[in-house]
Each structure stands twice: as C-alpha cells, then as structure tokens.
Amino acid sequence: MIKIKKGLDIKLEGHAAEQVVAGKLSDLYAICPEDYHGVVPKLVIKPGDRVLAGTPLMVDKNCPEIQFVSPVSGEVLAVNRGERRKILDIQIKADSEIEYADFGKKNISSMSTDEVKAAMLQMGLWGFVKQRPYDVIANPADSPRDIFVTGFDSAPLAPNMDFVVKGEEANFQLGLDALKKLTTGKVYLGVRSGSVLASMKGVEIVTVEGPHPASNVGVQIANISPVNKGETVWTVNGFDLILIGRSLAQGKADFARLMPVAGSEVAKAVYTKAIIGAQISSIAGDKVKKENISLRFISGNVLTGKKVSANGFLSPYAQQITIIPEGDDVHELFGWAMPGFAKFSVNHSFFTWLIDTLAPKKEYKIDARLQGGRRAIIMSNEYDRVLPMDILPEFLIKAVLAFDIDKMENLGIYEVAPEDFALCEFVDTSKLEIQHIIRTGLDQLRKEMN
Amino acid sequence: MKALRNYLDKIKPNFQEGGKLSMFHSVFDGFETFLFTPSTTSKTGVHIHDSIDSKRTMSVVILALLPALLFGMYNVGYQHYLAVGQLDATSFLTVFMFGFLAVLPKIVVSYGVGLGIEFVVAQWKKHEIQEGFLVSGMLIPMIVPIDTPLWMIAVATAFAVIFAKEIFGGTGMNIFNVALITRAFLFFAYPSMMSGDKVFVRTGDTFGMGAGTIVDGYSGATPLGQIATAADPSVAVVDVLGNPIGTWDYFVGLIPGSIGETSTLAILIGAVILLWTGIASWKTMGSVFIGGAFIVAIFNAFGGSAALETSVWDHLFLGGFAFGAVFMATDPVTSARTETGKYIYGFLVGVIAMLVRVVNPGYPEGMMLAILFMNVFAPLIDYIVVDANIKKRLKRAKVTKA
C-alpha cells in the first residue's frame, strides 16, 4: 500500500455520470503517427487500399516488428503529409459494419514468451506497452526488469476504472496473464482500495491512496521500486490493458473503449463507446453546450491530453474526451489584483482555500488561458509539492534546459515521463512548458544513448 | 471596460512589429497585461493553468510591505515632531502627512529610475516587462535613512538594477538581492549619509511643513547606534529626547531608524501575509530568527559589552533584522532553493547578521551584509543538498545491482 501526500486534485466541472449513452459511430477514422512518440512511421498501405480492422497501416522504421493496425475496416482515404513529407495522419473511410481480421483466439497459458510477443506485435497491441526510461513504446527485444500496470486514473474528470471494466474483468485478467509472460520479474498492478481489480490473480496488487498524480505509473514505480540507470521497466495503462486482453481473447483487434465525454462545456457528461482514431465530432459533437464561446476539445484529460479540433481524431492513448472553454475571447480587467473568488489556485492569494473549506463540493470551470505571462523560474518549492517522487524537479528541469547529460542522469531523468510533470506545469507561476521541456530532454538523451 | 478593450485593440497594431510605435512594444505590452489578464492560451502541455502569476505574486509582497511602509511614514513624522518638540500639538493626520510627503519622493525616484531601466532593457531585448522590480522598488525607499538625498537613491538604484540584475539576465536570474545592492552601494559610496546620528530623524521641514527648532537635549542616534558606541555594558537606551526606552518600544517601532524597518509589529503583519500565501518560505524566515536568537543567547552567556549583553528579544526587534528576515532573506530568487537548504541559509543569515552587529565594531547593523554574503553561498548550499539526492540515487543503483 502506498500513501501519496504530495499532489493535487483539481476539481473541475463536468464529471461524467456513470451511464452509457450510445453515440453514432464515426465514418472517418485516422491514425496520427505523432501520437506514438518516438516512432518513425513507415507506410505499408497506400490510399485506395481496402483494410480490415487489424490490417497493418504502418510500422516503426527502426523496429519493423511493431505494427500499427487499422482500428476499423474500410478504405484508406488519404495519407496526409506535412512539411518535409512528414506523415500527419492516415485516414480511413469506415464500413458501416466493421469486419475484423481473424488472428485466432489466444490461449495465453499455453503460449511461450515469444508467442505472446508475436501475437501482440501482429495484432497492433504493442503500441500500448511503453517503457521507462524515455517513455516511448517498448522495444520488444528487451526483457524488462518488471512490468507496471496502473489500474485507475486520478486525473481531473478521469474515467472510473470500476465502471469501465465492468463485464470485462476476464479480459483484464487475460491481459495481465499475457504481461506476466513478458517478464521474468514481477507484474505490479496499482489499484484504488476497494477496486474490483484488487481481486486480479498472479500479480502484485499495490493499493495507492492520495491525490493525483497517484495514478501515474511513474509515481507508482518511484514508490515501489525506482528505475535505476541501465534498467528498463515496461508500463501499461489499465484502460489499454482491457483492449489488449479483449483483443487476445477474441482473436481480433478490437479497439473500442468506454470513455467519458466530460468537461464544463459538455451539456450532459456521460460515458460513450468510441473506437481509437474516431473523429471527435462524431463522439462529442452532439454533447456540447450550445453557447457562443470558443471551445477547446481535448483528446485525453486536461493535463496530458492533446489539443484537437472538433474535426480531429481520438488519439490512441486518450481515455476520455474533455471539452473546456478556450478563453481566448475573455478579457479580464485587473485580473491579477481582483480577489478572484471563482478562480482556482493552490496559492492562498486566491480564495480557493476558503471556498473549499466552506463548500467542499465546489467545482471549478477553468479555461485554457495561461493566466499570466511566461517568466524565468522565480518561486521555489512549487513543483516539489505536486511531485510525489524523490526527484528535485527544478534542478532536473534546469539540467534538461542546459542539456547536461550527467546531471540529468544523476537527478533521475530515467525515472520520469512528461506526464509526471503535468501538475508542476499547472501550478507554475512562471507558466513554463515543463512537460515539453522534459519530453525534449528525454528525446535528446535517447538519441545520445542509442 | 469594453471601451477600454476596444481602444487597446485599436491602437495595438501601432505597437507591433512594423508599426509606427513598435519601439514601445514592451511598454504597451506591460500596460496591456497590467490592465487585462493576457488571453493567450496554452499551446502544448497542460490545457489549464493555476490562476497565480508573477504579477499576483509581486502584488502580494507589496501588500505585505504596506503595513511597514505606512507605519514608517507615520514614524518619520513622529520622530520629527518629537525632535522639534511639537508632537503634542500636532494631529495624527499631520504627523502622518509629514512622513508621507517625506517618503513619497523616494518611492517615486526609486520606481522611476528602476522601472525606466527595466522598460528600456525589456524593449531592447524584446521581452516582456517583468514585475520583479515592483518589489525591489518598494523595498529601496524603506531601507534607507529618511535624509538620504534623492539623487543618491537614483544613482544607487540605477547601479543595482543594471549591475545586480539586468546583466545577469533580469528577474529570476540575479544572484544578489537588488534592493540590498542598492543599500550596499549607498552604504559604501556615501557612508556619512547612511549611518551616524544625523540621518535617521528628519530635523528640517518637508516641503515647508513642520518647521521648527530642535529641542535641547536632542540626539538622533538609533538604539543600535547607542548600543554599539556605549562604553558601559549596562547602557540605558534613550529616545531622541533622552527618555529611556525598552523592549516594547523596539517592538512597536516608534524609534529612529531606516524608514520601514523600525516596527517589528508592522513587519510581522506583513510576515503573516507572506507566510499564509506561501510566497515567502517559513523555513527561511523562521531559520533567520532562530539563527539570530541562537547566537545572541551565546553572546548573552559571555557578556562584556553593551551589544553582547543586549537581550535576545531586543536584538531581534532592533535595526533591520526583522525586516531583512521577513522581506529580504526570503527573496526566492537569491535565497537557497532547496527545502533543506533554506534551513541552512536562513540560520546562517541570522547568525552572521548578529555577528557583524555585535562583534564588529565598525558596523552597528549586519543584516544587509549577512544576506548579501549568504546570497553568494546559496548556490553552494543548494549544490550540497542536490548532491545528497544524487548520492542517494547512485547508492540505490549499486544496491540493486549487487
């Protein structure tokens, strides 16, 4: 059992009610190579090809075993390219009925490590397995020290795992069994106390208590068994593990998720079924409040999600869709001097502390503004208070900015992922792009080391 | 509000790249963000941000400085009318107005010079105007004697802003506390105007107000000055008229001294604001007081001179100690930035301040030198603390490998 003290739960408006409302299925899907960080895409189809759900669309140039498959059946509509012919997305016009490629039902218990690996690679499931260091898709040739699975999500407006996994407990167990085949070490599963996942077999169950980022797998690793230089661990998100387990059990690449459409600009926040790569408007379009303000659609949560347009696509790792006001049309007079009773801040110069004491259930509507100008780092101990790891965040960030490899290693760059710094970025008075800084540092280091 | 916004939007193109007034881009941007919270939205990373920003932070510090500043203004008037023997005949408001008029030009000069340089540099380097000087500019008039000539403040402020801040890269990059560099510049360039018993009480008039002749038996020596020069260890500290004063007077602060530093009471109100909002670190602030008290307790045990035998409370309340501990040592940029480091940093500031004050016969007060000295060592303290974290990580790696 891990008790996390540092961290922050940002109470946002627009929690999804635990009910499923079926939406219409998207007829356009897209895979964006950019979402698979660190992958150099190599196309294996061309526009006009007919694909099934499970047909490879692209592979990683540096590791061609890693395949990225089509989530639906249909026709490859277009491959859009940007500057220097970089692939922006691969769009697929979906059939009305999805036709799945048949990989054969897998009986994990009788399979060897290599067979499990091969099955996952072939079915396009490998993209869900990530590794520390560098927070990129795992190299299938490695054998990891341990595998960590986080079985809940503590981010703002995040889905409730117990609700999502209902009826799929067997698939989750199957996913865990598959992971167990991949390591000679242990498989750890981080859960909330009282979760149905606490009854999973064959893995180390770790109960995690405390505020966000409790669900970050990096935080769990840091508190269970930190990553040292030279070690590799793999990580899987519990919500992705459902897809892995289900696909292996049924022998078909089924990437449909149950996910909340949440946020202050959603009229009625509920859960809905969506397939990876679906067009956002098809999932969320009819749920948006009809107000005349500019909106921000986020594929994922407000801390780590990706900004998309309404016509954008659901990214593969997104566990939710969040819609908040953009805020670029708001002009606040003397915002820095006003008491700001409706504003959210961890700093006591705003009155969040008072309002939270008087009305503990109060939820906040926060838009996408930076709420200030970008500055040099001035305040100290801001980041430390929301990072429950034995890391000195400010010094690590400065080491990354200076690209001092020794310092980065020494200060624990191998243990972290950008998402671990999301709250640091949220609370930062100086409004620095900390996740971006960490991402850059990891990328440079990976390039340097390989 | 709408009209103002529309007006700003209308004139904005003039200030942008290629516009007629693009040379004032930073100034315009400064005023625009002063009036309206910027509506830029996040491009990468988190989509929402905490409402706190650098402007809010600096405003809170200024708010925390206000009690000490207002008290200081009143005290300037109070000391003056006491010295000319008219205190009983003068209303509270007049006393305050005298001080207000005496202090205001210093604030204007400090802000005028400092912000002027800040504006020019921001424009030149094409970055936003940063708020750091709002605090420094308020601190500077509060830590000088009332009779410091305005031109000296102007020269010292310019020196400090350019050489202690801008050449290091601006707010957040400086090694030394800017306000203290101003004070140090004044102290070493014009020593006769910064110490002694002539400068801490205004005996002349202010814009023709409060004229009068000094009463017999007047002495403008500060309590610390009296203690430092006393031959007898059991010196009786007196006010400007020669009446004895004690611990309670030191705490309340109606005594001669630099403008903002005399009232520990008013400073403590500021301390509460800073600590509650979390803008100053209680670790730094508390450690300074503990460090000071610790060393004075040792001095008291030995005794031998007036300074050595002055009690712990008196030492903590007198001079610039409390002001330095609350507003200067806690400057996050120049103090230690690690949590463990803050204890060490604060403690040593307290110890060194008292050492200079008590043991060094040349300087009656040591807070300025102590903080500047520790500013130099703050990075070293952090280095040691960070190194401990590194060692722990290396050790862990070895343990798991073995």
Side-chain angles (χ1 to χ4, degrees), chain A residues 10 226 228-229 231 296 298 302-305 307 324 326-337 340 343-350 366-381 384 390 392 394-395 410-412 422 425-431 433-436, chain B residues 1 4-5 29 33-60 63 128 130-132 169-173 276-279 281 283 332-333 335-339 342 382 385-387 389-390 392-394 396-398 400-401:
Chain A
I10 306 164
N228 296 306
K229 189 187 172 183
E231 294 176 341
R296 172 167 293 211
I298 304 163
V302 289
L303 294 176
T304 58
K307 179 186 172 182
I324 59 171
E326 178 75 21
D328 57 352
D329 42 6
V330 179
H331 294 287
E332 218 176 314
L333 193 63
F334 294 123
W336 55 275
K343 291 194 161 191
F344 182 88
S345 177
V346 289
N347 188 281
H348 285 184
S349 66
F350 287 90
I366 308 180
D367 59 35
R369 282 178 300 157
L370 295 181
Q371 314 272 3
R374 192 149 287 157
R375 296 288 180 268
I377 300 178
I378 296 171
M379 303 305 290
S380 59
N381 196 30
D384 310 60
D390 187 18
L392 295 167
E394 184 189 324
F395 293 87
N410 286 336
L411 290 170
E425 192 176 340
F426 172 80
V427 298
D428 188 10
T429 304
S430 302
K431 313 292 177 192
E433 295 176 312
I434 297 174
Q435 291 187 87
H436 178 70
Chain B
M1 180 195 148
L4 184 62
R5 184 66 242 170
D29 180 78
T33 56
F34 172 82
L35 288 170
F36 294 98
T37 307
S39 54
T40 40
T41 56
S42 75
K43 303 223 161 39
T44 69
V46 294
H47 298 270
I48 55 174
H49 281 82
D50 193 291
S51 299
I52 189 79
D53 72 341
S54 169
K55 280 192 180 56
R56 181 84 169 192
T57 311
M58 300 303 171
S59 320
V60 171
L63 185 73
E128 285 183 42
Q130 306 184 341
E131 298 81 5
T171 303
M173 309 288 192
W276 176 248
T277 54
I279 284 165
S281 162
K283 291 175 184 165
V333 175
S335 88
R337 299 188 63 89
T338 51
E339 293 309 289
K342 283 173 185 168
D382 284 341
V385 175
V386 172
D387 203 46
N389 180 280
I390 290 172
K392 195 160 66 174
R393 182 164 289 109
L394 288 176
R396 187 185 76 202
K398 278 192 199 111
T400 42
K401 289 251 169 64

Is a donor from one side chain sitting under 3.5 angstrom from an acceptor on the other, for B:D50 and A:S345? yes
I'd like to know whether A:D367 forms a side-chain contact (heavy atoms from CB on, under 4.5 Å) with B:T41, so could you lay out the CA-CA distance, the side-chain angles of the two residues, the decisive distance to 0.1 Å, and finally the verdict. CA-CA 8 Å; A:D367 59 35; B:T41 56; over 6 Å; no
Heavy atoms only, distances under 4.5 angstrom: which of A:I366, A:L392, A:L370, A:I298 has the most pairs with chain B? Name it, please. A:L370
What residue, out of A:N381, A:V427, A:I377, has the most heavy-atom pairs lying under 4.5 Å from chain B? A:N381
Are B:F34 and A:F334 an aromatic pair by the rule of ring centers under 6.0 Å? yes
Do you know which two heavy atoms are closest between [X] and [Y], and how far apart they sit?
{"X": "A:I378", "Y": "B:P332", "value": "O-CB, 3.3 Å"}
{"X": "B:I52", "Y": "A:S349", "value": "CD1-OG, 3.5 Å"}
{"X": "A:A376", "Y": "B:M173", "value": "CB-CE, 3.9 Å"}
{"X": "B:E128", "Y": "A:G373", "value": "OE1-CA, 4.0 Å"}
{"X": "A:R375", "Y": "B:E131", "value": "NH2-OE2, 2.6 Å"}
{"X": "B:K342", "Y": "A:S380", "value": "NZ-OG, 2.9 Å"}

Portion of A:I324 that has a non-hydrogen atom of chain B nearer than 4.5 angstrom: side chain
A:V346 versus chain B, the contacting section by heavy-atom distance below 4.5 Å: both
Return the option, out of B:V60, B:D382, B:N389, with the maximum number of heavy-atom pairs under 4.5 Å with chain A. B:N389
Options B:T338, B:L63, B:D387, B:I279, ranked by heavy-atom pairs under 4.5 Å with chain A, top entry: B:I279
Side chain, backbone, both or neither: which part of B:I48 has a heavy atom under 4.5 Å from chain A? both
Region of B:T57 in contact with chain A, defined by heavy-atom distances below 4.5 Å: side chain
Can you confirm whether [X] sits close enough to [Y] that some side-chain heavy atom of one is under 4.5 Å from a side-chain heavy atom of the other?
{"X": "A:E425", "Y": "B:V46", "answer": "yes"}
{"X": "B:S39", "Y": "A:D329", "answer": "no"}
{"X": "B:D53", "Y": "A:K431", "answer": "yes"}
{"X": "A:L303", "Y": "B:H47", "answer": "no"}
{"X": "A:D390", "Y": "B:K392", "answer": "yes"}
{"X": "A:Q371", "Y": "B:T40", "answer": "no"}
{"X": "A:L333", "Y": "B:R5", "answer": "no"}
{"X": "B:S42", "Y": "A:R296", "answer": "yes"}

Might you work through the side-chain hydrogen bond (donor to acceptor under 3.5 Å, both in side chains) test for A:N410 and B:R393, ending with a clear yes or no? CA-CA 7 Å; A:N410 286 336; B:R393 182 164 289 109; over 6 Å; no
Aromatic plane relationship, B:W276 with A:H348 - under 30° parallel, 30 to 60° tilted, over 60° perpendicular: tilted
